[in-house]
Colleague: 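Sharing a structure, written as structure tokens. Questions coming.
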There are 2 protein chains.
Amino acid sequence: MPRTVDHAQRRATIAEALVRLAAREGLHAVTMRAVAAEAGVSLRLVQYYFETKAALLHATLLHLEEASHARWRERLAGLSGPVPARRFVEALLAEALPTDERSRAFHLVWTSYAVLAMTEPDLAAQPFVAGPRRLEQQLTATLREAAGELAEDTDPAAEAARLLALTHGLGTSVLVGQRTAASAEAVLRYHVDRLFTHRDHA
Amino acid sequence: MPRTVDHAQRRATIAEALVRLAAREGLHAVTMRAVAAEAGVSLRLVQYYFETKAALLHATLLHLEEASHARWRERLAGLSGPVPARRFVEALLAEALPTDERSRAFHLVWTSYAVLAMTEPDLAAQPFVAGPRRLEQQLTATLREAAGELAEDTDPAAEAARLLALTHGLGTSVLVGQRTAASAEAVLRYHVDRLFTHRDHA
DNA sequence: TCCTTTGTGATACCGATGTATCATAACGGG
DNA sequence: CCCGTTATGATACATCGGTATCACAAAGGA
């Protein structure tokens with residue numbers, strides 16, 4: 001095979017070009033030609049590696065999700081031994097706010113795609129429901145096990161829902177420029193402080 | 001003038017057709033022709049009342065915002081005398097969740113447009129930043145005045161931000177079908193219960 | 001009455017976009 | 001050595017969408 005570069009790597013290159021482009025100019029500006037230009041390859045190449053535009057978008061989405069999970073696992077790996085629930089939550093949420101450029105791109109594409117999925121049920125089947133739902137269940141379980149660290153009179157399921165919805169809402173307001181990432185982090189800390197028992201809020 | 005119907009009314013008719021269409025098939029399906037078909041008028045008519053597509057979208061957005069404010073004022077008008085802060089907050093949030101069809105349409109269009117504004121700063125200048133920001137300030141003031149009704153150790157500004165971000169996040173998760181409107185309302189009640197002093201949580 | 005303004009229809013135009021086609025290189029195995 | 005599979009380029013095609021143009025009707029004032 002006259003493979004100059006690896007197939008999978010090329011696909012990743014193109015997917016990342018798509019993400020850059022979408023983050024900079026919006027998902028509506030993501031055309032096959034524009035992606036090709038951003039990646040510095042020919043239109044035909046994009047067609048070759050992804051037969052259709054839908055396939056390209058789908059693959060990119062998976063790529064994004066995987067990358068996000070990887071960063072999250074990495075963040076958790078930094079914590080040794082039995083992870084306190086609070087650290088776990090903080091690691092999760094740190095990844096879930098659009099603080100740096102990369103994270104901003106991730107959220108922008110994800111949100112754009114989620115909006116599409118709102119009116120196209122076949123899209124919604126995939127990660128937009130399953131992903132967050134699984135996350136919420138996992139978080140609920142974590143909180144339930146760590147009931148001792150929590151403030152009194154808390155319901156783990158409701159707290160998990162609250163954390164995720166709040167984080168997502170804050171993320172959106174950062175994306176539209178209503179508030180800064182730092183201010184969003186402050187609100188999130190405020191929330192987490194109140195979720196965990198008050199006696200040791202650092 | 002050979003005006004068969006009122007100009008403003010015709011514009012409203014078209015704007016509402018746009019909202020219906022966008023709520024059903026997504027903002028990407030909103031084309032001049034499709035709006036015309038949905039409204040049951042000719043393409044030329046849409047062009048006549050709104051010179052350009054951008055103008056049509058902008059006008060529709062204002063129409064939506066005005067309608068939402070009207071419903072909110074109406075809800076508040078039902079409360080007589082000095083409104084308790086809790087009632088005020090509940091009226092506000094009740095309007096801010098996509099419970100009925102109309103509200104769902106509103107949120108879908110608003111969210112779609114907000115996503116566009118994330119990458120087109122000239123759009124963001126308009127209601128997407130100013131509106132929520134004003135709302136948050138108003139809510140902050142309301143909470144500050146009602147400090148007596150609130151739980152101890154609360155920061156009005158942070159609480160306002162939390163309420164709005166949480167509500168928006170919940171609304172989004174309802175739109176993508178992750179959770180039902182009823183479940184979102186339950187989480188919101190849970191939150192409001194904890195925001196206001198515990199002794200009289202009904 | 002006629003002419004100007006307002007309202008409505010049919011249709012044309014042009015650019016963009018997803019996809020398809022044709023050609024051709026590069027390389028490895030028989 | 002040559003043939004087929006993989007990889008890449010140039011370009012064509014059909015459609016769609018925003019906008020523009022031309023024609024015309026209806027009505028009210030001069």
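Hydrogens, waters and symmetry mates play no part in the numbers below; they use all other heavy atoms, side chains included. As the structure is a computational prediction, the values presented were derived from the model and not from experiment. In what follows, chains are A, B, ... by sequence order, proteins preceding strands, each numbered from 1.
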Colleague: Checking the side chain of B:R194 only, and the main-chain atoms of A:D153 only, is there a donor and an acceptor separated by less than 3.5 Å?
Modeller: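 Present.
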
Colleague: On the 0 to 90° scale, with breaks at 30° and 60°, tag the A:W110-A:F106 ring pair as parallel, tilted or perpendicular.
Modeller: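 If you compare the ring of A:W110 with that of A:F106, the planes turn out parallel.
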
Colleague: Any side-chain N or O of A:S42 under 4.0 Å from OP1/OP2 of D:dT8?
Modeller: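 The answer is no; no side-chain N or O of A:S42 sits under 4.0 Å from OP1 or OP2.
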
Colleague: Whole angstroms only, please: what is the CG-C1' distance between A:L45 and C:dA25?
Modeller: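 One finds 13 Å between C1' of C:dA25 and CG of A:L45, rounded.
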
Colleague: Minimum heavy-atom separation for A:A29 to A:A34, with atom names?
Modeller: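 Smallest heavy-atom distance, with atoms named: O-CB, 3.7 Å.
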
Colleague: Find the distance B:F50:CZ to C:dG7:C1' and express it as a whole number of Å.
Modeller: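 Checked: the CZ to C1' distance equals 15 Å.
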
Colleague: Using the test side chain to side chain donor-acceptor pair (under 3.5 Å), find all partners of A:R24 that sit at least two apart in sequence or belong to another chain.
Modeller: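 Checked A:R24 against side chain to side chain donor-acceptor pair (under 3.5 Å); matches are A:E38.
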
Colleague: What pairs meet the ring-ring contact (aromatic ring centres under 6.0 Å, His included) rule with one or both residues in residues 167-195 of chain B, with sequence neighbours excluded?
Modeller: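 Not a single pair qualifies under ring-ring contact (aromatic ring centres under 6.0 Å, His included).
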
Colleague: Could you state the OH-C1' distance from B:Y48 to D:dT21, rounded to the nearest angstrom?
Modeller: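 Atom OH in B:Y48 sits about 16 Å away from atom C1' in D:dT21.
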
Colleague: Set out, line by line, the N/O atom pairs under 3.5 Å between protein and nucleotides 17-20 of chain D.
Modeller:
from   : atom 1 : to    : atom 2 : distance (Å)
D:dG18 : OP1    : B:K53 : NZ     : 2.6
D:dG18 : OP2    : B:T31 : OG1    : 2.9
D:dG18 : OP2    : B:M32 : N      : 2.9
D:dG18 : N7     : B:R33 : NH1    : 2.7
D:dG18 : O6     : B:R33 : NH2    : 2.8
D:dT19 : OP1    : B:T52 : OG1    : 2.8
D:dT19 : OP2    : B:T52 : OG1    : 3.4
D:dT19 : OP2    : B:K53 : N      : 3.0
D:dA20 : N7     : B:Q47 : NE2    : 3.1
D:dA20 : N6     : B:Q47 : OE1    : 3.1

Colleague: Holding to side chain to side chain donor-acceptor pair (under 3.5 Å), I want the full list of residues that pass it with A:Q47, two or more places apart in sequence or in another chain.
Modeller: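 Partners of A:Q47 under the side chain to side chain donor-acceptor pair (under 3.5 Å) test: none.
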
Colleague: Ignoring backbone atoms, test whether A:Y49 places a side-chain nitrogen or oxygen under 4.0 Å from the OP1 or OP2 oxygen of D:dA7.
Modeller: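 Indeed not, no polar side-chain atom of A:Y49 lies that close.
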
Colleague: Measuring from B:R162:CZ to B:T154:OG1, what's the distance to the nearest 0.5 Å?
Modeller: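 One gets 9.0 Å once the value is rounded to the nearest 0.5 Å.
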
Colleague: For the helix from C:dT1-D:dA30 to C:dG30-D:dC1, what angle separates the axis at the start from the axis at the finish, each from five pairs, in steps of 10°?
Modeller: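 The two end axes of the helix from C:dT1-D:dA30 to C:dG30-D:dC1 meet at 30°.
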
Colleague: Tell me, please, which residues at least two apart from A:R179 pass side chain to side chain donor-acceptor pair (under 3.5 Å).
Modeller: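 Only A:S183, B:E136 meet the side chain to side chain donor-acceptor pair (under 3.5 Å) criterion with A:R179.
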
